[in-house]
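Each chain gets a letter, A, B and so on, in the order its sequence line appears, and its residues count up from 1.
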Amino acid sequence: MTEAGTPSTAGSMEALHPRSRLVWSVVAVLTGAVVLVVGWLLERFALGRLSVDLGPVAVPALAALVAVLGLVHALVRYRVWRFELQADALYLERGVFTRVETAVPYVRVQHVDTHRGPIERLVGLSSVVVYTAGERGADVTIPGLAPERARRLRDRLRDLAVAAEPGDAV
Amino acid sequence: MKLHPLAAVREAGRRALLVGSSVLFFTTMAATTLHVGDVGLALLLTPVGALLGAVYGAAYHLRFSYELDGGTLAIQSGVLSRTDRAIPLQRVQNVDLRQSLLQRLLGLAVVRVETAGGGQTEAVLDFVSRGEAERLQRGIRSGTRTTTEPDEAGPAPSPLFELGDVELGLYALTSFRPRSVLVLLLAAPVGLGAAGNVLLQAAAPLGGPSSLAPSALASVAGVVLAFVGALLAVLTSIALSSLYTLVGYYGFALTRVEDDLVYERGLVRRYSGSIPLSKVQMLTVSEHVLARRLGYAGLRVETAGYSRGGDGGRGRGGSSRPDSAVPLATRERASSLARSIEPFGPLEFERPPKRARRRYAARYLAVVLLLTALLYGVGVLVGDLAYWPAPLLFLPFVPVAAHEKWVNRGYHVGPEHVAVRDGFWRRTTRIVPYDRLQTVDVRRTVFQRRLDLASLVVDTASSGSLVGAPAVAHDVETGTVRGLQGHLRERLSVLRASRFVPGSSPRNA
């Protein structure tokens, strides 16, 4: 990270709100619960007929595994997620398996949203969604921000986009 | 302005048929299965439905109007819910004309207008007279231009490029249309018995089975049959695909009209479209392995128009995939045309480091071994599967394939453009001008991180769909990729800053 034009120093970059771990953990536990229910239904109604017996542990164990992996994923994901408003672009680092470092030049920002999903609203968090005219990955989401921070970030991005250029960003 | 009067007849007829046939269907269903009403009632209601459909179709035509003036294309449409749409001409990316065989005979054409963004074609005028269509195309194009020279319909300029017979043949052979597989899949159940017999006969001399019974398939004969079947399927779809391409691209000609490239093609249905040169996002040079050996290449110009519908073509009027600027030409011709559109220098590609090649070999080896293990596993479960080691026959190809993949990958950083290249079967080179960049990503998968490799993903506002993937430089040293990302960002901000000084834009030069 020493090359010119990439002033990214992971230390100074902003992390997400710590509570976003809670959101992703809830999702992980819910996924585990869905596995448990679906597995139980399968065992009860389908596998019984086929006289396949998985034993009493298999389904809860699988559900627990899914939940635990989900939790680990959530924690790692939180630890990796970083963003920063740099001189010319919004810069993001994210991804557990595939690490992605995205630069969104301000001249390319079409519009900026703040967005709150149901779980986010429960725990009092908000997301910022940045739209570009790009075809793939045309929208970039920064999840898990305090609502006040999200609003400020959105307004700042809007101002930066306007200051960058009044053109059509294509 | 109104659409052509014949469009009213077509629209009324189409809606009458649609409503009439569904009324017939549902009343007959009701009469026979639910015992509501009887067949007499169904026969009575059907013409009423058809009449209602016809009236609606006629009303749709009467309520549809368009106007081209003052730098705007305005369209008013809808019978029950009304839509007034205004399209600023500066925002128009492409204007296409299409003519089916019947429309050609009657001198009619469908006009399609695309702007950037939006999930679908922004305006479809289905249909107007040929002369009116050309007037619209000219008018929209002259409104799209930033310079305001008078648009004179002078003598038609001579084509930049015309597709020769040899090129058309080779293009048909080497271009693949997903549509042909669809046709094959749809036709297969109909001719299943016949196809089975053909398959058995074709496989017989090579030691194929005598019948399609499961017992006969679990031996080496089964493998032979599978191979022959796959070969036949591939050959048939290539033949269908070639035919489709031959008909579609017959008489292809590319002309430069002011700041646009205009092409025309088609034997039965005629297509004509325009590519605005001021809105080029990316150039794509594609070389099928066969065409590459013979020294031919194709060129596509990606603009920000066209919806993401892909080749299938959602909505009325069919496909919305961007067309090639040059389906196929000798490599020199294609590259000189490409340079006349975007003046880029010679491309010298930097290959990925050698350890990337090792990674490809390991990947292919894993696939071969996994397949073998899978067949072995199936053999254990089902009983005897004598040919489980068959995938091992591919082992000698593993290093070759890995080398070819490695050799064809690369990136090039020029003074005005960045270029990336990838693919063995169809090698594609994507050339992106710096001031067309959108987002720039550095991506590192788990495997890449282990080898300290990364991929550079350069997104533009181009057309997307199946072939218009973002430009990706695969498997480059992580440090280099980060440096490239910084370089691209810097170039973009420098270019965009200089663009606002009037007259200094590199694009209007």
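No more than 12 heavy atoms of other residues, nucleotides or ligands shown are found within 6.0 angstrom of CZ on A:R79.
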Trace of the side-chain hydrogen bond (donor to acceptor under 3.5 Å, both in side chains) decision for B:S493 with A:D88: CA-CA 7 Å; B:S493 47; A:D88 61 324; 4.6 Å; no
Side chain to side chain contact (heavy atoms under 4.5 Å, CB included) assessment of B:L492 paired with A:V107: CA-CA 9 Å; B:L492 175 65; A:V107 288; 4.0 Å; yes
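Applying the side chain to side chain contact (heavy atoms under 4.5 Å, CB included) rule to B:R359 yields the partners B:R363, B:T445, B:F447, B:Q448, B:L451, B:D475; only residues at least two apart in sequence or on another chain are considered. Taking the side chain to side chain contact (heavy atoms under 4.5 Å, CB included) definition, one finds that A:D113 meets it with A:H111, A:V129, A:Y131, sequence neighbours left out.
Residues B:V446 and A:R99 fail the side-chain proximity criterion, which asks for heavy atoms closer than 4.5 Å. For the pair B:V442/A:V100, no side-chain contact is recorded, criterion being any heavy-atom separation below 4.5 Å from C-beta on.
Rounding to the nearest 0.5 angstrom, the gap separating the OG1 atom in B:T439 from the CG atom in A:L90 is 10.5 Å. Taking CZ of B:R449 as the start and CZ of A:F97 as the end, the distance is 9.0 Å to the nearest 0.5 Å.
Salt-bridge formation is not detected for the pair A:E101/B:R443: no Lys NZ or Arg NE/NH1/NH2 atom is positioned less than 4.0 Å from an Asp or Glu carboxylate oxygen.
Among all heavy-atom pairs drawn from B:Q438 and A:P105, the shortest one is O-CD, 3.0 Å.
Here B:L437 is the residue among B:V481, B:T478, B:L437 with the most heavy-atom pairs under 4.5 Å with chain A.
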